[in-house]
Amino acid sequence: MSARILVVEDEKKVASFIKRGLEEEGFVVELAADGEEGLSLATEKKFDVVLMDLMLPKRDGLEVIREMRQRDILTPVLCLTAKDTVEDIVSGLDSGSDDYLTKPFAFAELLARVRALLRRGSQDRGAELTYADLRLDPVTHKVWRSDKEIDLTAKEYALLEYFMRNAEQVLTRTMIAEHVWDYTFDSFTNIIDVYVNYLRKKIDRDYDVKLIHTVRGVGYVLRKGD
Ligand code: CA
């Protein structure tokens, strides 16, 4: 069956360019021209990926993504944005989006990101993972440490899942970028440090035994003790 994609974009030319291109690749595409319409379509129908412009009439893209996640709609979201500062990207990823692309973009790149999100969506299920007193459920995306549930954003969750699937292995920033974001950030590798710090605050700060360790000059490792 063809994957269904919702495109939330208020610029008509951009929207129809994306729609036509995706349809040529065999995807089924629906368009929404503002945030409100996007949110109601994402809520009422089932999509495999949502492409979300951030600057939208009625409700902005980040607000729509946050609201989707609150309603437990876990459809992967790729943000399309003209903003390209690290802060804007981090707040986009933090609101529960899975990836972002800055405008103007090459259609081939958009397609590659959409395919990566579709692949990840279909691999998302599986048995519970445990490491030390950490527990992670890949089906519900719930995480516990010492039986206390820990609330993570979509990106923090993806990062922790990658750490847990590769426990006690040193992971370089490049490896993390490629596996958790599906590509290399180049100049944005400090995003990884920002996210590892967010994750540490939630996973390690209140516990005596720290699990996420920095390997100087290399990257990070999940392990018990130094
Ligand atoms: Ca716009």
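In listed order, ligands and their atoms are each counted from 1. The figures that follow rest on heavy atoms only: side chains count, while hydrogens, waters and symmetry mates do not.
- Under the 30°/60° scheme for interplanar angles, the aromatic rings of Tyr157 and His141 are found to lie parallel.
- Atom CG of Asp151 is surrounded by 12 or fewer heavy atoms from other residues, nucleotides or ligands within 6.0 Å.
- A salt bridge links Asp98 and Arg69; the closest N-O separation between the charged side-chain nitrogens and carboxylate oxygens is under 4.0 Å.
- Of the charged side-chain nitrogens involved, none lies within less than 4.0 Å of a carboxylate oxygen, so that Glu25 and Arg20 do not count as a salt-bridged pair.
- For the Ca ion (ligand 1), the tally of protein N/O/S atoms lying closer than 3.0 Å stands at 3.
- Of the charged side-chain nitrogens involved, at least one lies within less than 4.0 Å of a carboxylate oxygen, so that Asp133 and Arg145 count as a salt-bridged pair.
- Remark: aromatic rings of Phe163 and Tyr131 are distant, center separation not under 6.0 Å.
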